[in-house]
Visitor: 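Input: one structure, supplied below.
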Amino acid sequence: MTERSTASRRTLLFYRTFVVFSLAAFVIGVVLRYQFICVDNRPSNPDNILGDAAWYVHHAVNTFEPGYQPTMYDTLFPPGAAMFYYVLRTLDGSFRLVDYVMWVLASLVPVILSATAWRLYGARVAWFVLAFASLYFPLWEYFGYLISEGPFIFTLVLTFSLLVLSLEAETLRRSVAWAFFAGIVLGACTVTKSCALVTAAFIALALLWGQRKRKFRVWPTFLAAAVGVVLVIAPVSIRATRLNEGRFLLIANDSPRTFLLGHQGRVGLTWWYDAKRDFRMNFVNPSTLQHGYHEERSYPFGVYETGPNYAAGLTWVKENPLEALLLSIEHVFDMFATALPWPGYFRTYVG
């Protein structure tokens with residue numbers, strides 16, 4: 001036996017061992033997801049229906065019922081997650097079904113990522129992605145709650161996978177079909193979390209860059225996907241604009257609130273009071289609690305009002321430019337390092 005054949009056999013053995021390891025990691029990941037989502041934590045557990053989850057459950061229960069009169073309050077969050085949970089509640093009034101659906105979606109994410117990696121980079125990378133994604137807890141923790149992050153993650157990775165299928169399709173017809181389907185899924189992703197459009201923009205730039213080497217059919221894919229996105233977003237935007245008292249609103253009024261929360265100093269709890277509509281609301285950034293910020297701040301306008309929220313945040317930035325810069329760095333650092341994720345920070349399993 002030659003030295004080259006011996007090396008080839010060792011390489012093959014290592015590869016097969018790694019494949020077995022990746023498959024074992026996936027099975028273990030599925031079991032861990034089941035234990036966490038369906039047994040220990042349970043999205044349907046009343047103890048988990050707090051904060052954002054309470055809003056989504058409220059709308060899943062009331063928003064689409066006959067006689068419910070939506071108001072500007074209904075623009076606080078993108079409606080996609082509430083619609084999704086409404087469908088599951090319709091199928092099972094106890095909400096127990098949502099636990100198992102979230103488990104299935106969380107288990108499919110590593111498969112979709114691995115399949116995408118296979119098409120782009122080959123089998124070895126795909127097996128590595130399957131193992132890593134299966135055991136990476138932050139990738140599926142949010143599926144354990146009735147918030148928007150779980151459906152958002154699933155639809156986002158599915159969108160990217162469908163775009164890859166479109167770009168590598170052998171015929172223009174199949175390419176357009178896959179792209180249109182990707183647009184529909186991206187639309188669903190966007191009405192779940194508006195930031196999906198920002199992610200889509202970066203993906204588009206990456207595809208344009210990669211097109212120089214691999215000669216993708218980029219423009220038919222972009223156009224077909226755009227049609228799918230518009231078909232989903234348009235009716236949502238019309239409804240949101242009407243609830244926003246005629247002022248154009250693409251998806252929801254969450255961005256102004258988020259901007260102000262991150263550009264007002266080291267504040268723990270923030271209150272908004274809309275005297276005109278007699279509506280009071282508060283929000284807290286979980287990382288501020290972990291830093292020990294306890295100051296409360298109140299604003300004499302609605303949490304859903306775009307102009308006043310942006311104006312208040314920009315005023316603080318102009319008055320405190322250096323602190324605004326340092327706080328922005330702190331926010332970014334919190335996302336990747338110090339701050340424990342919400343809502344897990346408030347759950348007993350963190351300890």
Side-chain angles (χ1 to χ4, degrees), residues 51-90 146-156 159 180 182-201 225-263 270 272-283 299 301-314:
D52 294 3
W55 190 94
Y56 290 120
V57 171
H58 166 79
H59 282 70
V61 172
N62 296 317
T63 300
F64 306 101
E65 294 293 338
Y68 180 80
Q69 296 297 323
T71 65
M72 194 179 289
Y73 168 74
D74 295 80
T75 68
L76 283 178
F77 293 91
M83 295 178 181
F84 175 64
Y85 296 136
Y86 171 74
V87 172
L88 295 178
R89 175 185 174 271
T90 302
L146 293 176
I147 51 181
S148 61
E149 278 75 4
F152 170 75
I153 292 171
F154 176 78
T155 50
L156 187 63
T159 296
F180 177 74
I184 295 292
V185 177
L186 178 59
C189 184
T190 303
V191 300
T192 301
K193 286 188 80 71
S194 308
C195 62
L197 289 179
V198 178
T199 306
V227 171
V229 170
V230 170
L231 286 177
V232 176
I233 290 181
V236 174
S237 182
I238 292 172
R239 176 180 181 272
T241 300
R242 177 173 55 82
L243 294 179
N244 201 38
E245 299 179 349
R247 295 181 294 273
F248 176 75
L249 186 60
L250 183 63
I251 302 295
N253 267 321
D254 53 333
S255 296
R257 171 187 77 243
T258 303
F259 176 80
L260 181 54
L261 284 172
H263 299 84
T270 305
W272 290 262
Y273 179 63
D274 180 3
K276 176 182 176 182
R277 302 172 184 85
D278 192 26
F279 184 79
R280 184 185 296 273
M281 188 77 178
N282 70 75
F283 276 93
Y299 295 99
F301 49 80
V303 64
Y304 32 64
E305 294 187 64
T306 303
N309 276 281
Y310 279 126
L314 289 173

Visitor: State, with a plain yes or no, whether a side-chain heavy atom of V57 is found less than 4.5 Å away from one of Y85.
Guide: no

Visitor: To the nearest 0.5 Å, tell me how far Y73 OH sits from W55 CH2.
Guide: 7.0 Å

Visitor: Let me confirm one number: the CG-CH2 distance from L260 to W272, rounded to the nearest 0.5 Å.
Guide: 5.5 Å

Visitor: Drop me the distance from F259's CZ to T306's OG1, to the nearest 0.5 angstrom.
Guide: 12.5 Å

Visitor: Got L231 and F180 here, is their nearest side-chain heavy-atom distance under 4.5 Å?
Guide: yes

Visitor: Please state whether the rings of F77 and Y56 are parallel, tilted or perpendicular, taking 30° and 60° as the class boundaries.
Guide: tilted

Visitor: Check each of D254, T192, V191, T190 against P78 using the side chain to side chain contact (heavy atoms under 4.5 Å, CB included) test, and report the only one that passes.
Guide: D254

Visitor: Could you walk me through whether F283 and T258 pass side chain to side chain contact (heavy atoms under 4.5 Å, CB included), step by step?
Guide: CA-CA 9 Å; F283 276 93; T258 303; over 6 Å; no

Visitor: Evaluate the criterion side chain to side chain contact (heavy atoms under 4.5 Å, CB included) for residue pair L250 and L197; output intermediate values, then yes/no.
Guide: CA-CA 11 Å; L250 183 63; L197 289 179; 3.8 Å; yes

Visitor: Do the two ring centres, one from Y310 and one from H263, sit under 6.0 Å apart?
Guide: no

Visitor: Mark yes or no for whether N244, through its side chain, and A240, through its backbone, hold a donor-acceptor pair below 3.5 Å.
Guide: no

Visitor: How long is the gap from CG on L243 to OG1 on T71, to the nearest 0.5 Å?
Guide: 7.5 Å

Visitor: Nearest 0.5 Å, please: how far is CG in N253 from CZ in R247?
Guide: 8.0 Å

Visitor: Quick test of your reading of the model: are K276 and E305 salt-bridged, counting only N-O distances below 4.0 Å?
Guide: no

Visitor: Measuring from I238:CD1 to I233:CD1, what's the distance to the nearest 0.5 Å?
Guide: 12.0 Å

Visitor: Check the side chains of D278 and Y273 for a donor-acceptor pair under 3.5 angstrom, ignoring hydrogens and angles.
Guide: yes

Visitor: Walk me through whether S237 and F248 qualify under side chain to side chain contact (heavy atoms under 4.5 Å, CB included).
Guide: CA-CA 8 Å; S237 182; F248 176 75; 3.5 Å; yes

Visitor: Would you say the side-chain atoms of D274 and Y304 include a donor-acceptor pair closer than 3.5 Å?
Guide: yes

Visitor: For M281 and L76, what are the C-alpha separation, side-chain angles and deciding distance, and is it a side chain to side chain contact (heavy atoms under 4.5 Å, CB included)?
Guide: CA-CA 10 Å; M281 188 77 178; L76 283 178; 4.1 Å; yes

Visitor: I need the minimum non-hydrogen distance between T241 and L249, along with the two atoms involved.
Guide: OG1-N, 3.1 Å

Visitor: Do you know which two heavy atoms are closest between A200 and L186, and how far apart they sit?
Guide: CB-CD2, 3.7 Å

